[in-house]
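Data block below; observations after.
Fair warning: this is a prediction, and the values are worked out from it, not measured in the lab. Chain letters run A, B, ... following the sequence lines, proteins first and then strands; every chain starts at 1. Scope of the values below: all heavy atoms of this structure, side chains included, with no hydrogens, waters or symmetry mates.
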Amino acid sequence: MTTPEAARPSHFIREMITRDIETNKYGRRVHTRFPPEPNGYLHIGHAKSICLNFGLAEEFGGKCNLRFDDTNPEKEEQEYVDSIIDSVRWLGFDFGAAPLYASDYFGFMYQAAEYLISAGHAYVDSQTADEMRENRGTLTAPGKDSPYRGRSVDENLRLFREMRDGRHPDGAMVLRAKIDMASGNINMRDPAVYRIKRAEHHRTGNTWCIYPMYTYAHPIEDAIEKITHSVCTLEFEDQRPFYDWLLERLAEGGLLERPLPQQIEFARLNMSHTVLSKRKLITLVGQGHVRGWDDPRMPTIAGFRRRGYTPAAIRNFCERIGLAKRDSVVEMALLEFCIREDLNLRAPRKMAVLRPLRVVIENYPEGQTEELNAVNNPEDPGMGSRKVPFSRVIYIEQDDFREDPPKQFFRLAPGREVRLRYAYFITCTRVVKNDRQEVVELRCTYDPATRGGDSPDGRKVKATLHWVSADHAAGAEVRLYDHLFRTPEPGAGTGNFLEDLNPGSLETLGQCYVEPSLRDGMPGSTFQFERLGYFCVDADSSTGRPVFNRTVTLKDTWAKIEKGKKG
RNA sequence: UGGGGAGUCGUCCAAUGGCAGGACGGUAGACUCUGGAUCUGCUUAUAGGGGUUCGAAUCCUCUCUCCCCAGCCA
């Protein structure tokens, strides 16, 4: 399951928390939070943050809040709230009975704003958005004070209340913190903290027509919840001076108690062969490049879940990638390693033939059927065994036969003997072709003495093939997935990530055969199809017609050899 | 040419003045009724220059490169 405590490498946030505990900075408390905006589905990058925040709390005996940062009603929806809750729970984290919402603090935030005005720390600016932008200056040039910067406390208070009361149209004015228009840090050039926005909020409805900005709301949310370590990503680093400035002002005014929360930044997750920006993900869904947010090719939690990934694998991945402040791109191969590692231990083995080749065993009695014993999981004897039916006509994988085998190919070929897993040794005696010279059937003989898969005379075969009995197998659809993008960094070459979409990211096989026990698989259940990979039952399955998603292939040495030859 | 960050194997993360280590990947082999799993070997890195020091990835200094910030988004 999870990495044992002792094996866990430390990182700068763990060290910081340890130090804060030693110095008694927060009365030895550790309280974190995961604060998504409900305007999209969670992805693997969020999983890193979730595992970090909830993991830290768990580790230090503290708490972690799930808090929706719902301060912009134009973009936020209940659908996203639901999916986020679902994803966090699925990953296995507990945030108590109900999540928290920034919108629950709107009243306090408003009062705090009035206080700021009274203390001369905020003013109402009537400039247009364009004027504000112009007067903000540039990265190298300082900004200019707004002509409204000198308004009296009384006028500011009156105007701010009018904003709240809906007396002014959207965009007519904003409340700004009064700090320093010449600061080298643009975030300190009198940032806007409240704007007028007549939009229905998913929770507060039409109670408010002014909404706080993230910059202003977030530190207050943290302080109200008595968060000790407010962990966020690197792009908020420039925001920290304002975070501290605001909380200090409110603490001075007696609106907040010390000790105040502190913001800590880490590098967000980037992964090869996919994209993790909300904008790009929305484009993929919106333009129909995938079937939806939970398409198994999507890097969303919902996508990985449908693909057959387990919470344990994702959590383990989040632990293994480590934590630092430098930009990085983690290889998809590590995630694939994590899911194989987990599933190898727990997925029951089954036999399934994806691209069937008919094999007739000529010396096997017509009409005879026998039940052969098959191990459910060689990694876990406790999972027992099962019976699989065998008969005269079976299917094997097309890839497992070569009429003219290359040197390192040691599967079935004319005249060659191989083992059928858990069954018999068979020898190929004849190849049947159609008009187009394609192999359509194999004629073989079997050795009755090898029942179960071993030869009493000790003779060896170089290959073991999986198979299903033609008369007993169930038909199935199997969806094979590959990387959504064919390049490690989509868009790196052309600037347009869509050009790097992998046209072969989904291959649907409709004529597959699976062993009979798989006929009515429960959606979500996961299996290893021997020699092929891990597969899970998709929700699209119908009675008697299962649909499987390939979660990940098994490591495939032969494929590597073949590819190496061609390349 | 403002402000804030960051540079260590192909990738990700360690080493906090004392043998540059682990994981993934790659590669070679052992083993195997999954060309899976498991086991073993190998491979490759401190951005660059100067300095301090018995000793520098680590401290100082200069340089270079990369990332973020000019929303009434978060």
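Between A:D170 and A:K197 no salt bridge is recorded (no basic side-chain N to carboxylate O distance below 4.0 Å). Checked for salt-bridge contact, A:R320 and A:E341 meet the test: a charged N lies under 4.0 Å from a carboxylate O. Salt-bridge annotation for A:R459 and A:E417: present, with a side-chain N of the basic residue lying under 4.0 Å from a carboxylate O of the acidic one. A salt bridge does not link A:R167 with A:D165: none of the charged nitrogens is closer than 4.0 Å to a carboxylate oxygen. Ion pair A:R346/A:E379 not flagged as a salt bridge, since none of the NZ, NE, NH1 or NH2 atoms sits closer than 4.0 Å to an Asp/Glu carboxylate oxygen. Salt bridge annotation for A:R268-A:E237: absent, with no cationic side-chain nitrogen under 4.0 angstrom from a carboxylate oxygen.
Straight-line distance from the CG atom of A:L334 to the P atom of B:C12: 11 Å, rounded to whole Å. Protein atom CE of A:M271 is 17 Å distant from nucleotide atom P of B:C24, rounded to whole Å. What separates NE2 of A:H218 from C1' of B:G71 is a distance of 18 Å, to the nearest Å.
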For nucleotides 34-40 of chain B, just jot down a letter per nucleotide in 5' to 3' order: B, S or -, based on protein non-hydrogen atoms under 4.0 Å.
BBBS---
Given protein heavy atoms under 4.0 Å, the one-letter contact record of nucleotides 2-8 of chain B, with B base, S sugar-phosphate only and - none, is simply BBSSSSB
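Atom name P, nucleotides B:C24 and B:U61: the rounded distance is 40 Å, in whole Å. B:G26 and B:C66 have their C1' atoms separated by 27 Å, given to the nearest Å. Look at the P atom in both B:G3 and B:C42: the space between them is 49 Å, to the nearest Å. Comparing the C1' positions of B:G4 and B:U8 gives a spacing of 23 Å, expressed to the nearest Å. Comparing the same atom, P, in B:C39 and in B:C62 gives a spacing of 50 Å after rounding to whole Å. B:U53 and B:C59: their C1' atoms are spaced 10 Å apart (whole Å). When the C1' atom is compared between B:C13 and B:G18, the two are found 22 Å apart, to the nearest whole Å. To the nearest whole angstrom, the two P atoms, one in B:G36 and one in B:G17, are 45 Å apart.
Between the side chain of A:N65 and the backbone N or O of A:R67, no donor-acceptor pair lies under 3.5 Å.
Of the options A:Y513, A:F529, A:F535, a ring pair (Phe, Tyr, Trp, His ring centres under 6.0 Å) to A:F548 is made by A:F529 and by none of the others.
Listed nucleotides: B:A74, B:A70, B:C13. Nearest to the side chain of A:R136: B:A70. Distance from the side chain of A:S328 is smallest to B:C12 among B:C24, B:C12, B:A14. Of the candidate nucleotides B:G26, B:C72, B:C69, B:C72 has the atom lying nearest to any side-chain atom of A:V174. The listed nucleotides are B:G26, B:G25, B:A23; the one nearest the side chain of A:K560 is B:G26. Residue A:H11 has its side chain nearest to B:A14 when only B:C73, B:A14, B:U27 are considered.
Heavy atoms of A:E74 sit nowhere under 4.0 angstrom from any nucleic acid atom. Counting non-hydrogen atoms under 4.0 angstrom, A:G322 reaches the backbone sugars and phosphates but no base. Across all strands, A:E265 comes closer than 4.0 Å to no nucleic acid atom at all (heavy-atom distances). Nucleic acid contact class of A:V329 (heavy atoms, under 4.0 Å, all strands): sugar-phosphate only. Among the protein residues, A:M173 comes within range of no part of the nucleic acid, since none of its heavy atoms lies under 4.0 Å from any strand. Nucleic acid contact for A:T233: none, since no nucleic acid atom lies under 4.0 Å from a heavy atom of the residue. Note on A:D454: a base of the nucleic acid sits closer than 4.0 angstrom, heavy atoms only. Backbone-only engagement by A:A324 is indicated by non-hydrogen atom pairs under 4.0 Å involving sugar-phosphate atoms exclusively. Residue-level contact check: A:F236 touches the bases, meaning some heavy atom is under 4.0 Å from a base atom. At the heavy-atom level, A:Y194 lies nowhere under 4.0 Å from the strands shown.
Side-chain contact check for A:E37 and A:Y80: no donor-acceptor pair (N or O, by modelled atom type) lies under 3.5 Å. Side chain to side chain, A:D222 and A:Y243 meet the donor-acceptor criterion of an N or O pair below 3.5 Å.
Note on A:R176: every side-chain N or O is 4.0 Å or more away from OP1 and OP2 of B:C72. Of the side-chain N and O atoms in A:K197, one or more sit less than 4.0 angstrom from OP1 or OP2 of B:C73.
Residues A:T215 and A:N187 both approach RNA chain B. Their nearest nucleotides, taken by heavy-atom distance, put A:N187 toward the 5′ side.
Note: A:F242 and A:W245 have parallel aromatic rings, judged against thresholds of 30 and 60 degrees for the angle between ring planes.
Aromatic pair A:Y194/A:F160: ring centres closer than 6.0 Å. Ring centroids of A:F410 and A:W558 are separated by 6.0 Å or more, keeping the two rings apart.
Note that A:R203 lies in the cation-pi zone of A:Y101, set by a 6.0 Å cut-off to the ring centre and a 45° limit from the axis.
Under the 90° criterion around 0 for the glycosidic angle, B:G7 counts as anti.
Looking at RNA chain B, the stems built from 3 or more consecutive Watson-Crick or G-U wobble pairs, each pair with its key distances under 3.5 Å, are B:2-7 with B:64-69, B:10-13 with B:21-24, B:26-30 with B:38-42, B:47-51 with B:59-63.
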